[in-house]
Amino acid sequence: GLSCQDNKRAKTSLRVTYVHSEELKCKTNELIRIEKRAELVHSLIRVYGLLQYVELLEPRHAEESEILGFHCSDYINCLRGIGSCSDSEEISDKLSSEAEGYGLSYDCPQQTGVFETASLISGATITAAESLLNGSADIAINWYGGWHHAKRDSASGFCYINDIVLGILKLREKYDRVLYVDLDLHHGDGVEEAFEMTSKVMTVSFHKFSTGFFPGSGSLESVGTGRGKFYTVNVPLKDGIKDAEFYGVFCRVMKTVQEKFPGQAVVVQCGADSLSDDPMASFNLTHVGLAKCVCFLLSWNLPTLLLGGGGYNFPNTAKCWTFLTALAARRKLPMDIPEHEHLLEYGPGYDLSTSVGNRKDCNSHEYLSHVVTTVCST
Ligand SMILES: CN(c1ccc(C(=O)NO)cc1)S(=O)(=O)c1ccc(-c2ccccn2)s1
Ligand SMILES: [Zn+2]
């Protein structure tokens, strides 16, 4: 297993809450682009016997008032309207230019019940954050959450309600300074935008940044504005980066962040679309690379919220988030995937490993030291 080097962690095992319900799993299973992923993730966590080492919490729906704490009501009313259509026919004629204005088209297909689903996912992230606030947990996990592209007045990149922003606002009810770290392949633009004017939330995003790649924001020069200047950190990377180089950049940036912004709680978006054989075919990370980054953050012994996000190779995403759940619960996992109804999805290796791709690393040494030097001197 991983030894979380730096800042030796206290030997006591940490209290971990894991937010789940059959309803949440079934609703998330229906989201376009990630059908059935939730089933695979929860099943693998269950068959590895990890549920006995976490406290399972059932989520509630986010309250309207919580959602309107970030999103604007016109958008939410439109989303609710779309979400309540009984079938795609009704949706298509309801799909006015108004709906398109709210990003409800193209990459955010209208789905019946999408508002219901997004509000339950957001309620799950808020439930997780509350378990940190009330001191009943040291680490809280919601693999159904992590929808980092949603804006206050529009859907974007398969994201409808920004559960991460709502979770951070909940943590801010107790903690003066909250740190957000986005490990997804894509820039965490929705969360960055929400907090780019404040010094109370520092957002740090590690992501692919190249011409034409979604969402297009997240350059080295984006550092926040007004009182939030220098409280937005962007680490733009090129295709092909592997575990060692990614972790090297991550460590140096996060050590500087720790010095300059002593956060009192940490929120981590653990999107798994940066793994090497994700259909996004961009980075060359393995689940171990991501786990080392999470391990580093956990070694700070701060209340930590772990969230999901992207991840389109479903067996690999399940392996990655199961591995992170075990890391949080300080349990070692046997390499062989336990016998269960989805075992065949893990062929041909049927083990926990995720492969290291052989895509060329387009991040020259010079480029990476330029990025790190610039970020660490800002
Ligand atoms: C809407 N897009 C997003 C938005 C957000 C994400 C994401 O995971 N954000 O974290 C992924 C794709 S998009 O236009 O880049 C794509 C849609 C479908 C894509 C795709 C589908 C299959 C294989 C490779 N790419 S990319
Ligand atoms: Zn992504």
Side-chain angles (χ1 to χ4, degrees), residues 28-29 31-38 40-41 99-100 102-111 114 117-118 121-122 125 142-151 154-165 167-168 180-194 203-218 222 234-241 246 250 267-287 289-290 293-294 306-318 320-321 324 354 357 359:
T28 314
N29 271 337
L31 284 177
I32 289 176
R33 304 270 206 264
I34 58 163
E35 288 92 343
K36 296 286 169 279
R37 186 180 78 177
L40 239 58
V41 172
E100 307 224 341
Y102 290 120
L104 291 167
S105 57
Y106 309 119
D107 61 26
C108 285
Q110 303 67 38
Q111 294 178 267
V114 70
T117 301
I121 288 170
S122 301
T125 295
N142 178 23
W143 297 130
Y144 302 98
W147 304 101
H148 57 170
H149 297 305
K151 306 295 185 314
S154 88
S156 171
F158 319 150
C159 307
Y160 298 89
I161 295 178
N162 200 312
D163 65 292
I164 307 172
V165 171
I168 291 171
Y180 173 66
V181 182
D182 191 306
L183 299 175
D184 193 284
L185 176 68
H186 300 85
H187 175 230
D189 55 347
V191 187
E192 177 180 291
E193 261 183 45
T203 61
V204 187
S205 180
F206 300 80
H207 49 271
K208 171 174 175 175
F209 185 75
S210 62
T211 315
F213 186 73
F214 186 93
S217 50
S222 313
N234 280 297
V235 186
L237 300 166
K238 303 298 178 195
D239 273 343
I241 194 163
F246 187 89
F250 179 86
V267 178
V268 195
Q269 198 268 23
C270 307
D273 45 5
S274 43
L275 295 185
S276 64
D277 38 13
D278 191 277
M280 292 293 157
S282 298
F283 285 1
N284 266 336
L285 303 188
T286 74
H287 66 294
L290 277 183
C293 297
V294 173
L306 301 182
L307 300 171
Y312 306 97
N313 177 319
F314 298 164
N316 272 11
T317 301
C320 183
W321 293 348
L324 292 179
T354 58
R359 248 187 307 279

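Counting convention: from 1, in listed order, for ligands and their atoms alike.
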(request) Compare all side-chain heavy atoms of S205 with those of Y180 and state whether any distance is below 4.5 angstrom. (result) no
(message) For N/O/S atoms only: which one belongs to D273 and is nearest the Zn ion (ligand 2)?
(response) OD2
(message) Which atom name does D184 have for its N/O/S atom nearest to the Zn ion (ligand 2)?
(response) OD1
(request) Compare M280, H187, Q269 and give the one whose heavy atom is closest to atom 25 (N) of ligand 1. (result) M280
(message) What I want to check is whether the side chains of H149 and D189 have a donor and an acceptor closer together than 3.5 Å.
(response) yes
(message) Hydrogens and angles aside, do N142 and T125 bring a side-chain donor and acceptor to less than 3.5 Å of each other?
(response) yes
(request) Just say parallel, tilted or perpendicular for the rings of F250 and F246, cut-offs at 30° and 60°. (result) parallel
(request) Indicate yes or no: does an N/O atom of R33 lie under 3.5 Å from an N/O atom of ligand 1? (result) no
(request) State, without any angle test, whether H186 and D273 hold a side-chain donor-acceptor pair at a distance under 3.5 Å. (result) yes
(request) Output the list of atoms in ligand 1 that are nearer than 4.0 Å to some heavy atom of D273, sorted by atom number. (result) 7 (C), 8 (O), 10 (O)
(message) Going by side-chain hydrogen bond (donor to acceptor under 3.5 Å, both in side chains), D277 matches just one of N316, T286, T354, N284. Which one?
(response) N316
(request) Output the list of atoms in ligand 1 that are nearer than 4.0 Å to some heavy atom of Y312, sorted by atom number. (result) 6 (C), 7 (C), 8 (O), 11 (C)
(request) Verify the distance test for H186 against the Zn ion (ligand 2): any N/O/S atom under 2.8 Å, yes or no. (result) yes
